[in-house]
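Atom set for the values below is all heavy atoms of this structure, side chains included, hydrogens, waters and symmetry mates excluded. Here the structure is a predicted model, which is why all the values come from computation and not from measurement.
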Amino acid sequence: AQTFAQQSLAGSDDTSVKIYALLVMIGASAAANDAHTAVVHAEQGLALSEAHGHDIVLRTYLLAALALSRLALGDLDQAE
């Protein structure tokens with residue numbers, strides 16, 4: 001899944017595809033117990049979402065993923 005998500009992220013110009021790919025990569029990073037990488041992917045997705053005025057549903061998924069990743073790192077203040 002990680003490989004296909006990376007290919008989609010690199011090969012698509014569609015912002016939605018890129019965000020969904022990043023969501024898959026966040027999940028894959030979390031499953032691999034790599035919260036640092038999950039945070040990076042979530043922040044990248046949020047930046048894309050903000051730059052392109054994306055819908056609230058995708059932003060909510062990204063914000064939840066970011067909060068959970070920060071929580072896994074023990075960064076409780078940033079997880080809010």
*Asks:* Are Phe4 and Leu9 linked, directly or through intermediate hydrophobic residues, by side-chain heavy-atom contacts shorter than 4.5 Å (ILVMFWY only)?
*Replies:* no

*Asks:* Looking only at atom types and distance, does a side-chain atom of Ser49 sit under 3.5 Å from a main-chain N or O of Gly45, one as donor and one as acceptor?
*Replies:* no

*Asks:* Anything under 3.5 Å between a donor and an acceptor, one on a side chain of residues 11-31, the other on a protein residue two or more places apart or in another chain? List them.
*Replies:*
unit_1 : atom_1 : unit_2 : atom_2 : d
Ser12  : OG     : Asp14  : N      : 3.0
Asp14  : OD1    : Ser16  : N      : 2.8
Ser16  : OG     : His54  : NE2    : 3.1
Lys18  : NZ     : Ser12  : O      : 3.4
Ser29  : OG     : Met25  : O      : 2.9

*Asks:* Just how far is it from atom CG of Leu68 to atom CG of Leu73, taken to the nearest 0.5 Å?
*Replies:* 11.0 Å

*Asks:* Quick one: side chains of residues 33-40, donor-acceptor pairs under 3.5 Å with protein atoms, not counting sequence neighbours, listed by atom name and distance.
*Replies:*
unit_1 : atom_1 : unit_2 : atom_2 : d
Asp34  : OD1    : Thr37  : N      : 3.2
Asp34  : OD1    : Thr37  : OG1    : 3.1
Asp34  : OD2    : Thr37  : OG1    : 2.6

